[in-house]
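Each ligand, and each atom within it, is numbered from 1 in the order the structure gives. The figures here come from the full heavy-atom set of this structure, side chains too, leaving out hydrogens, waters and symmetry mates.
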Amino acid sequence: MKKILVLEDESGIRSFIAINLRRAGYEVIEAESGEEALQMLDQNRDTRLALLDVMLPGIDGFEVCRRIRATGSNIGIIMLTARSQEMDKVTGLMTGADDYVTKPFSPAELTARVDALMRRSGGDAPAEDASELVQGPFTLNTRSHTLSKNGQPVKLTQVEYAIMKLFMENPDKPLTREEILDMVWGQDYFGEVKIVDVNIRRLRLKIEDDTAAPTYITTVWGLGYRWQA
Ligand code: CA
């Protein structure tokens with residue numbers, strides 16, 4: 001079964017989330033502190049996705065996210081943020097989260113986000129033929145979902161990988177932010193286009209020679225982005 005970790009210190013909200021995810025067919029493990037969440041993930045290596053509340057006593061959700069990514073894990077991560085914490089979205093994504101859900105949310109919205117991220121993570125997708133896209137110094141392996149630059153591995157989140165794949169399948173072609181959102185997040189995604197910009201910013205930090213003057217992912221003003229390698 002597809003295992004999800006729910007990290008939330010408020011037990012009422014945590015069980016509300018857990019009940020709804022179980023109803024949707026997921027196996028749920030629950031943690032009430034960041035420390036406990038990290039320990040549980042270590043003991044449950046088959047966990048596919050983590051829902052991390054931001055506001056916690058002890059280490060906060062961002063720090064938990066950072067530490068998960070620091071282990072090299074590429075599990076799906078969705079941050080749970082409060083409506084008043086607009087900046088949380090950007091901060092969360094910069095620390096390596098794939099998506100965020102703003103409280104209060106409906107069970108349907110949460111389940112839709114979780115389903116979408118699960119689909120993207122490719123666990124249920126039929127295995128693709130081993131193939132490599134090679135452009136400039138970059139090699140994207142679509143079986144292992146890995147990227148290397150000049151032979152050196154570049155650690156990517158699932159969303160970053162999906163963006164790279166889209167770019168490398170459409171070299172030199174300007175893509176609008178809406179197209180990227182549709183192709184990477186899915187047409188049923190009900191988030192904002194801003195999430196594209198934040199992910200591109202993070203991707204540039206990982207792949208550009210000079211982040212201040214990007215040459216691989218260039219901005220097409222008033223339109224979106226273009227990949228050239
Ligand atoms: Ca909380």
Would you call Ile17 and Phe105 a side-chain contact if the rule is heavy atoms closer than 4.5 Å?
yes
Specify the closest pair of heavy atoms between Gly34 and Leu56, including all atoms of both residues, with the distance to one decimal.
N-CD1, 4.3 Å
On a heavy-atom basis, the closest approach of Glu63 and Asp60 is N-OD1, 2.9 Å
Within a radius below 3.0 Å of the Ca ion (ligand 1), how many protein N, O or S atoms are present?
3
Is Asp197 salt-bridged to Arg204, going by a charged N under 4.0 Å from an acidic O?
no
If hydrophobic residues (ILVMFWY) are linked whenever their side-chain heavy atoms come closer than 4.5 Å, directly or via other members, who joins Leu223 in its cluster?
Val220
Please work out whether the ring planes of Phe138 and Tyr216 are parallel, tilted or perpendicular, with thresholds of 30° and 60°.
perpendicular
